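Shown next, in structure tokens, is the structure this report addresses.
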Amino acid sequence: LTWRSQQHDLIPTDRVWLLFRFTELLLSRTGVLGRQLCKAVSQRVESGRSRDIFPLHLLDSHECKPHDWSCQRWKLLRAFVNAAIGALNWCYGCRPSSPQSSRRTAAQRDVLQRLVSRCVDFHNRLQAPTAGSWENLTPDWVPLPERPEGPKYGGLCAAKVDVLPEAGTCDPMPCLPLAVQQLITNCEQTLFSDAPKGLDMFEDVADSERLEN
């Protein structure tokens with residue numbers, strides 16, 4: 001029950017719930033891809049074998065299940081993998097009504113193993129970051145429980161910056177990286193330093209020869 005309750009957490013401890021939420025979000029879309037994925041759930045599978053890799057029919061039960069994954073967690077990951085399969089079929093131009101073979105070829109099995117491996121790797125990378133190491137990478141409007149390094153953009157308000165009389169009162173320095181702050185602070189020595197020596201040896205350009213005249 002504790003594990004299942006994580007599906008309601010903003011940032012679940014087991015990040016496989018994030019993949020499951022993303023899958024549910026895709027299935028709820030009303031665009032072309034969303035309709036394609038919803039129809040793929042009820043796709044028609046026929047007997048026989050196809051020579052082409054696509055269309056691929058969705059994974060069922062424990063097919064391609066990693067050995068170190070429990071059945072419960074694999075069910076969530078399988079939904080994400082099936083969404084990827086539906087997206088690949090859509091990119092290839094396959095319609096949901098296209099008949100799909102129930103017998104997979106060696107090439108299809110290889111594609112599925114690679115796809116599952118990529119999805120597992122994506123999950124592992126989501127699982128790797130620890131608390132306090134990634135919050136500063138998210139926009140300030142994401143309602144995180146805490147931000148150890150503080151807001152990313154401080155009190156910057158786009159509506160105020162857009163208004164010229166108030167834009168001049170906005171201090172962008174706290175929003176800039178430290179290296180950029182030092183560069184701007186010491187602009188007299190870096191950006192606007194004195195002209196190099198030895199320029200007096202060249203003749204002046206007459207005003208009549210200047211293009212801007």
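Everything numeric here is computed off the predicted structure, so don't read it as measured data.
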Exercise. Passes side chain to side chain contact (heavy atoms under 4.5 Å, CB included), K65 versus C71? Steps please.
Worked result: CA-CA 8 Å; K65 172 184 170 296; C71 294; 4.2 Å; yes

For this session: Drop me the distance from K75's NZ to H62's NE2, to the nearest 0.5 angstrom.
Result: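 It comes to 10.5 Å.
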
For this session: Quick one: list whatever passes ring pair (Phe, Tyr, Trp, His ring centres under 6.0 Å) with Y92, sequence neighbours left out.
Result: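 With sequence neighbours excluded, Y92 shows a ring pair (Phe, Tyr, Trp, His ring centres under 6.0 Å) to F54, given in chain and number order.
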
For this session: State, to 0.1 Å, how close T23 and F80 come at their nearest heavy-atom pair, and which atoms those are.
Result: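 Minimum heavy-atom separation between T23 and F80: OG1-CA, 3.3 Å.
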
Problem set entry | Heavy-atom side-chain contact between V116 and W69 under 4.5 Å |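 No, every pair of side-chain atoms sits at 4.5 Å or beyond.
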
For this session: Please confirm whether the backbone N or O of T13 pairs with a side-chain atom of Q6, one donor and one acceptor, at under 3.5 Å?
Result: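 Answer holds: yes.
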
For this session: Could you tell me whether a side-chain N or O of W74 sits under 3.5 Å from a main-chain N or O of S61, the two making a donor and an acceptor?
Result: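 Present.
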
Problem set entry | side chain to side chain contact (heavy atoms under 4.5 Å, CB included) against E24, all qualifying residues, sequence neighbours excluded |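 E24: side chain to side chain contact (heavy atoms under 4.5 Å, CB included) contacts with F20, L27.
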
Problem set entry | Counterpart residues, side chain to side chain contact (heavy atoms under 4.5 Å, CB included), relative to I85 (two or more places apart) |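 Checked I85 against side chain to side chain contact (heavy atoms under 4.5 Å, CB included); matches are L56, L58, L59, V81, N82, N89, L112, L115.
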
Exercise. Applying side-chain hydrogen bond (donor to acceptor under 3.5 Å, both in side chains), which residue pairs with at least one partner in residues 114-127 are found, sequence neighbours left out?
Worked result: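 Listed once each, the pairs are R73-H123, D110-R114, D121-R125.
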
For this session: Answer yes if L25 and W17 sit in the same cluster of Ile, Leu, Val, Met, Phe, Trp and Tyr residues linked by side chain heavy atoms under 4.5 Å apart, and no otherwise.
Result: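 Different hydrophobic clusters.
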
For this session: Could you pull out all residues at least two apart from E63 that satisfy side chain to side chain donor-acceptor pair (under 3.5 Å)?
Result: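 By the side chain to side chain donor-acceptor pair (under 3.5 Å) rule, E63 matches R104.
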
For this session: Decide side chain to side chain contact (heavy atoms under 4.5 Å, CB included) for L126 and F122; before the verdict, give the C-alpha distance in whole Å, the side-chain angles of both, and the deciding distance to 0.1 Å.
Result: CA-CA 6 Å; L126 284 177; F122 181 49; 4.1 Å; yes

